[in-house]
Amino acid sequence: MSFPEGFVWGAATAAFQIEGATTADGRTASIWDTFCRTPGAVVGGDTGDPAADHYNRVDEDVQLMVDLGLHAYRFSTAWPRIRPDAGRVNQAGLDFYSRLVDRLLEKNITPWLTLYHWDLPQTLEDEGGWANRDTAYRFAEYAESVVGALGDRVSNWTTLNEPWCSSLLSYAAGVHAPGRQEPEAAVAAVHHLLLAHGLATAAIREQTPDAKIGITLNMYPIIPADPDDPADLDAARRLDGLQNRIFLDPVFKGEYPADIVADLEPYGFSKHIRENDLEIISAPLDQLGVNYYAEHFVSGTPDPEPAEAPVQTNGRRPTGSPWVGAEHVTFPSRGLPRTDMDWEVEPNGLYKVLKRVHEDYPSIPLYVTENGAAYRDAFEDDGSINDVERRDYIESHLRAAHAAIREGVDLRGYFAWSLMDNFEWAEGYAKRFGIVHVDYDTQVRTPKMSAMWYSQVARGNALTATVAP
């Protein structure tokens, strides 16, 4: 099962999840540094230090990519490392990423840079965060700084990673930093993040006209539990709007979906949209990143009231729903296998997402910029990690991607999430997504069986029959 010639095989990480060194060389606090200190916000009270200590182990980690035969490395730059407190440029921060880019290029690995993977400077959050329109303009300034320093060597640029998470999950549900549960702030954040994307796209284009620019969205099929039940159909419509269309439509069609604008009107969504905003947001792109992990199987029928009020366990702080205006929606189980994150495994959902974008939106090259799974790893007696479940997860999703390619979808690359075990946001170090194991006490890296298998796929540009299609 061969992939098209030139198909990009890579792996992905994010700055806060792997770098550590959160106070080194002038870096100041991000919202995640603050959130980690909030009681009950992160499992085990874990913080971004030491993470995988990537800041001090760049050479080792680049060599690891070489050993695995990767073509490309998707990483993010840390805003508070490059422009501490959203202020003037910190040369030491830029120098770190310049060294990383140089090492990658020396080893013939293509750098694939994401400007924002959720580490907003805390100073900006103190001024309202993404609910404040001014943050979008500060982001454009930060983008200009990064492009000015690295644009001569980096060709592939992603403005934002998963704005659904940095708006609705962060400002409505409070699951992610900054942990706010304010629906009005969340819908404002949706628009201001997209405005930031558009402003950054213009900044990149101005400095490096030949750059390949994109945005990465986490997109999931939304499946009504009963396609004949009007309540379930409405639930699916609402969640599809909030998960997918509210980001895809303004970027590619220059408009927000009318039904979702109406749904969000009680929360003041429209008042944030100013003249020319959508023109800025819909600036032409060169590629789109697709992150996929699971489908959403939804019902508009609320769960039965529990006999007793639920008890918050393990010291975790209470959180809310990210589904503004659709908080009543429930997620019945389909009895499918689940990962250690308790996410259903449904590879065909990736096929559906790729086909949908290909058919419903302007023709644009696609890349799967994240796909992977957390499982509980165990060392064998010989020191190996035989992570069959993760290998099978990745393979089944690659088969789904290949099926989309066969049907004409312009998919040009795949990035496994993640290159290595890391800080998994609100789950701390309790969940492991890496194809490479990290011992957080010693920082020893151990490629898992999935890494060795993925290496063979990348080197051969093809899958072999190890699991049933």
Side-chain angles (χ1 to χ4, degrees), residues 1 9-14 17-20 42-70 73 107 293-294 314 336-345 347 370-399 414-425 427-460 462-469:
M1 186 177 285
W9 297 98
T13 65
Q17 293 183 269
I18 67 166
E19 287 180 1
V42 177
V43 169
D46 293 339
T47 71
D49 271 322
D53 195 32
H54 174 70
Y55 191 77
N56 297 306
R57 297 171 185 268
V58 166
D59 290 346
E60 175 185 353
D61 290 339
V62 172
Q63 186 58 48
L64 181 63
M65 300 174 215
V66 174
D67 294 342
L68 293 177
L70 299 183
Y73 174 48
K107 302 296 185 179
Y293 292 98
N314 300 323
L336 295 175
R338 291 178 177 263
T339 70
D340 197 34
M341 292 290 289
D342 201 31
W343 297 343
E344 289 187 339
V345 179
E370 286 184 28
N371 177 242
Y375 289 107
R376 299 185 182 185
D377 300 320
F379 280 94
E380 304 292 336
D381 291 341
D382 63 359
S384 64
I385 300 174
N386 191 32
D387 59 335
V388 174
E389 288 178 307
R390 182 175 294 104
R391 189 278 313 277
D392 289 354
Y393 179 100
I394 295 174
E395 177 163 10
S396 62
H397 286 75
L398 284 174
R399 290 179 178 275
Y414 177 94
F415 292 79
W417 184 270
S418 172
L419 174 64
M420 65 184 82
D421 293 333
N422 53 48
F423 176 86
E424 183 45 44
W425 306 115
E427 298 298 327
Y429 298 104
K431 308 295 183 184
R432 292 180 178 269
F433 274 87
I435 58 174
V436 174
H437 180 274
V438 176
D439 183 318
Y440 297 118
D441 293 325
T442 65
Q443 293 298 334
V444 169
R445 277 85 159 120
T446 304
K448 305 172 189 179
M449 183 270 286
S450 61
M452 310 313 292
W453 172 85
Y454 187 62
S455 176
Q456 292 177 343
V457 172
R459 294 178 193 278
L463 287 169
T464 56
T466 55
V467 295

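Relative ring orientation between Y440 and Y429 is described as tilted, the plane-to-plane angle lying within the 30° to 60° band.
Contact record, G69 with A458: O-CB, 3.8 Å, taken as the closest heavy-atom pair. G20 and A51 get closest at one heavy-atom pair: N-CB, 3.7 Å. Across all non-hydrogen atoms, the minimal contact from F423 to Q17 is O-NE2, 2.9 Å. What you find for F415 and A12 is that their closest heavy atoms are CB-CB, 4.3 Å. V42 approaches W425 most closely through the heavy-atom pair CG1-O, 3.6 Å. Closest of all the heavy-atom pairs between A374 and T339 is O-CB, 3.5 Å.
Considering R390, E395, E389 as possible partners of S450, the one that fulfils the side-chain contact (heavy atoms from CB on, under 4.5 Å) test is R390.
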* **Candidate pair L68 and L419, rule side chain to side chain contact (heavy atoms under 4.5 Å, CB included), full reasoning** => CA-CA 10 Å; L68 293 177; L419 174 64; 4.2 Å; yes
* Asked: Step by step, would you call I394 with W417 a side chain to side chain contact (heavy atoms under 4.5 Å, CB included)?
  -> CA-CA 9 Å; I394 295 174; W417 184 270; over 6 Å; no
* Audit row: L64, R445, side chain to side chain contact (heavy atoms under 4.5 Å, CB included) steps and yes/no -> CA-CA 9 Å; L64 181 63; R445 277 85 159 120; 4.3 Å; yes
* To do: Would you check, one step at a time, whether the test side chain to side chain contact (heavy atoms under 4.5 Å, CB included) holds for Q63 with K107?
  => CA-CA 8 Å; Q63 186 58 48; K107 302 296 185 179; 3.8 Å; yes
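Salt bridge present: D421 and K448 bring a charged side-chain N and a carboxylate O closer than 4.0 Å. No salt bridge links D340 with R432; every basic N to acidic carboxylate O contact stays at or beyond 4.0 Å.
Around CZ of R376, the count of heavy atoms belonging to other residues, nucleotides or ligands within 6.0 Å does not exceed 12. For D382, the CG atom sits in a packed shell: over 12 heavy atoms of surrounding residues, nucleotides or ligands are nearer than 6.0 Å. Counting non-hydrogen atoms of other residues, nucleotides and ligands closer than 6.0 Å to CE of M449 gives a total above 12.
We find the CG-CG distance between D61 and N56 to be 10.5 Å, quoted to the nearest 0.5 Å. The structure places CZ of R391 at 8.5 Å from CG of D387, a figure rounded to the nearest 0.5 Å.
Residues L336 and V345 fail the side-chain proximity criterion, which asks for heavy atoms closer than 4.5 Å. Side chains of T446 and F379 form a contact here, defined as non-hydrogen atoms less than 4.5 Å apart.
Contacts classified as salt bridge (charged side-chain N to carboxylate O under 4.0 Å, His left out) and involving residues 44-59 (residues at least two apart or in different chains) are given here: D53-R57, R57-E60, D59-R103.
Side-chain atoms of D441 do not come within 3.5 Å of backbone N or O of D439 as any donor-acceptor pair. With S396 contributing its side chain and D392 its backbone, the two residues share a donor-acceptor pair below 3.5 Å. With hydrogens and angles ignored, the 3.5 Å screen pairs no side-chain donor or acceptor of E380 with any backbone N or O of I385. Y293 contributes no side-chain N or O that, together with a main-chain N or O of A373, makes up a donor-acceptor pair within less than 3.5 Å.
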